Every structure is written in structure tokens, then in C-alpha cells.
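What follows is a short report on a single structure.
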Amino acid sequence: MLDVTPKIANLLENIAPVELAYSEAPLTMPSIYIQQVQASTDVRMDNKDFLTGFIYQLDIYAETPKRCAEIAQAVDDVMQSEGWQRQNGFPMGRQRYMLTYTASVDEKFNIYEKE
């Protein structure tokens with residue numbers, strides 16, 4: 001099955017430092033934590049996965065609610081420009097903002113956009 005976590009990390013690294021969720025690295029602010037929530041085969045033929053459906057949660061940590069919102073907007077702009085669909089986004093206290101995205105991705109890491 002595909003792993004698009006490194007690709008997402010590369011997309012976001014210019015916005016803030018990126019870590020994998022449950023990393024043992026100390027929390028620094030600002031930072032973006034990536035967690036793959038689900039990966040499932042969307043289209044399979046001849047024992048080959050053609051499209052894999054992903055759900056990713058991105059947690060943004062920053063010093064202030066305003067900075068969290070600014071980073072969340074920058075993350076959202078990048079993710080949506082790459083074809084990811086935001087499912088939700090909301091503050092989780094004063095220093096955390098959570099975003100959830102979905103996409104179907106082919107073996108060449110192209111996003112399948114539904115018409």
C-alpha cells in the first residue's frame with residue numbers, strides 16, 4: 001500500500017517544522033504533526049491497487065490562537081492546491097488547531113479528483 005506521509009511532510013515543511021504524530025521528539029512551537037488515520041483500497045484490479053483512499057489528521061501547534069489559525073490557513077491552502085479535500089478544521093484549545101483531509105491517490109502519487 002502507498003505511503004504518502006513523506007510527500008505531505010515535504011509539502012508542509014516550508015510552513016512550520018513537521019513531525020509524525022506520536023513522535024518522541026519534544027514539542028516545539030510552531031509545529032505540524034501528521035497522522036495517517038486511514039488507508040484503504042478504493043480501486044483494485046488484477047491483484048493491484050490502483051487507487052488508495054487516505055484520511056490524514058494534521059495537528060498544528062503554535063504559541064497563540066492567532067498563530068495557529070495563520071498556520072492552519074497556510075496548510076489548508078497547500079493541501080487543497082494539491083487536491084486534498086478538507087473534512088473539518090477547528091481549534092482544540094489555545095495552542096492547537098486540528099485539520100482532517102481525504103484523497104484518493106494512485107500508485108504514481110497523483111490525486112484522483114472526483115468530478
Side-chain angles (χ1 to χ4, degrees):
M1 188 161 293
L2 295 177
D3 181 10
V4 296
T5 303
K7 183 173 173 84
I8 293 172
N10 288 338
L11 290 172
L12 303 177
E13 68 185 2
N14 291 331
I15 298 170
V18 177
E19 290 284 339
L20 296 178
Y22 307 110
S23 168
E24 292 188 19
L27 175 64
T28 59
M29 292 192 208
S31 60
I32 302 167
Y33 280 76
I34 299 173
Q35 178 180 357
Q36 180 183 300
V37 176
Q38 182 177 343
S40 59
T41 301
D42 280 351
V43 177
R44 183 176 178 90
M45 289 185 273
D46 299 329
N47 291 327
K48 182 176 179 181
D49 294 347
F50 284 94
L51 287 176
T52 302
F54 288 99
I55 299 174
Y56 271 87
Q57 177 179 314
L58 306 178
D59 292 309
I60 296 153
Y61 293 90
E63 300 81 359
T64 65
K66 180 181 178 190
R67 186 68 179 127
C68 275
E70 291 168 351
I71 294 171
Q73 183 62 59
V75 166
D76 190 51
D77 291 345
V78 168
M79 293 296 285
Q80 289 202 40
S81 73
E82 290 291 318
W84 290 83
Q85 296 178 331
R86 189 180 74 218
Q87 298 302 301
N88 63 36
F90 49 89
M92 304 282 290
R94 293 185 41 79
Q95 296 181 306
R96 179 178 170 210
Y97 203 99
M98 185 180 79
L99 298 163
T100 306
Y101 291 91
T102 64
S104 292
V105 182
D106 74 13
E107 67 271 2
K108 295 178 182 162
F109 295 103
N110 294 316
I111 302 286
Y112 173 74
E113 297 192 34
K114 299 171 185 160
E115 295 181 16

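Just so we're clear, the structure is a prediction, and the values are computed from it rather than from any experiment.
Listed by chain and residue number, Asp76 satisfy the side-chain hydrogen bond (donor to acceptor under 3.5 Å, both in side chains) test with Tyr101 (two or more places apart in sequence, or in another chain). For Thr64, the side-chain hydrogen bond (donor to acceptor under 3.5 Å, both in side chains) test picks out no residue, with sequence neighbours left out. In terms of the side-chain hydrogen bond (donor to acceptor under 3.5 Å, both in side chains) criterion, residue partners of Glu19 (sequence neighbours excluded) are, by chain and number, Ser23. With sequence neighbours left out, Gln73 forms a side-chain hydrogen bond (donor to acceptor under 3.5 Å, both in side chains) with Asp77.
In this structure, Phe90 has its ring center no closer than 6.0 Å to that of Tyr97.
With a 4.5 Å cut-off on side-chain heavy atoms, Leu51 and Val105 do not count as touching. Side-chain contact between Val75 and Ile32 is present, with heavy atoms from C-beta onward closer than 4.5 Å. Side-chain contact between Met29 and Gln95: present, with at least one pair of heavy atoms (C-beta onward) separated by less than 4.5 Å. Using a 4.5 Å heavy-atom threshold, the side chains of Met79 and Arg86 count as separate.
Smallest separation of non-hydrogen atoms from Arg94 and Cys68: O-SG, 4.3 Å. Between Ala39 and Thr52, the shortest heavy-atom distance links the atoms CB-CG2, 4.4 Å. Of all non-hydrogen atoms in Ile71 and Pro30, the two that sit nearest each other are CD1-CB, 3.4 Å.
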Between Trp84 and Val4, is the side-chain contact (heavy atoms from CB on, under 4.5 Å) condition met? List the steps.
CA-CA 12 Å; Trp84 290 83; Val4 296; 4.0 Å; yes
Working for side-chain contact (heavy atoms from CB on, under 4.5 Å), residues Leu11 and Glu82:
CA-CA 9 Å; Leu11 290 172; Glu82 290 291 318; 3.6 Å; yes
Checking side-chain contact (heavy atoms from CB on, under 4.5 Å) for the pair Tyr33/Ile60: CA distance, chi angles, key distance, verdict?
CA-CA 6 Å; Tyr33 280 76; Ile60 296 153; over 6 Å; no
Please assess Asn10 against Val18 for the test side-chain contact (heavy atoms from CB on, under 4.5 Å), listing each intermediate value before the final yes or no.
CA-CA 9 Å; Asn10 288 338; Val18 177; over 6 Å; no
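Note: the hydrophobic cluster containing Leu12 does not contain Ile55 (ILVMFWY, side chain heavy atoms under 4.5 Å, direct or indirect links). Both Ile34 and Ile15 sit in one connected hydrophobic cluster of ILVMFWY residues. Membership requires side-chain heavy atoms under 4.5 Å apart, directly or through other members.
In terms of modelled atom types and a separation under 3.5 Å, the side chain of Gln35 and the main chain of Gln57 share no donor-acceptor contact.
Cluster partners of Leu20: none. The rule joins Ile, Leu, Val, Met, Phe, Trp and Tyr whenever side-chain heavy atoms lie under 4.5 Å apart, and it links nothing here.
The distance from atom CD of Glu13 to atom CD1 of Ile8, rounded to the nearest 0.5 Å, is 13.0 Å. If you take OG1 on Thr100 and CD on Gln85, they are separated by 13.0 Å, rounding to the nearest 0.5 Å.
Within the structure, every pair that satisfies the salt bridge (Lys or Arg N to Asp or Glu O under 4.0 Å) test and touches residues 95-106, not counting sequence neighbours, is listed here: Asp59-Arg96.
Using modelled atom types and a 3.5 Å distance limit, the side chains of Gln87 and Thr102 yield a donor-acceptor pair. For the residue pair Tyr56 and Thr5, a side-chain donor N or O sits within less than 3.5 Å of a side-chain acceptor on the partner.
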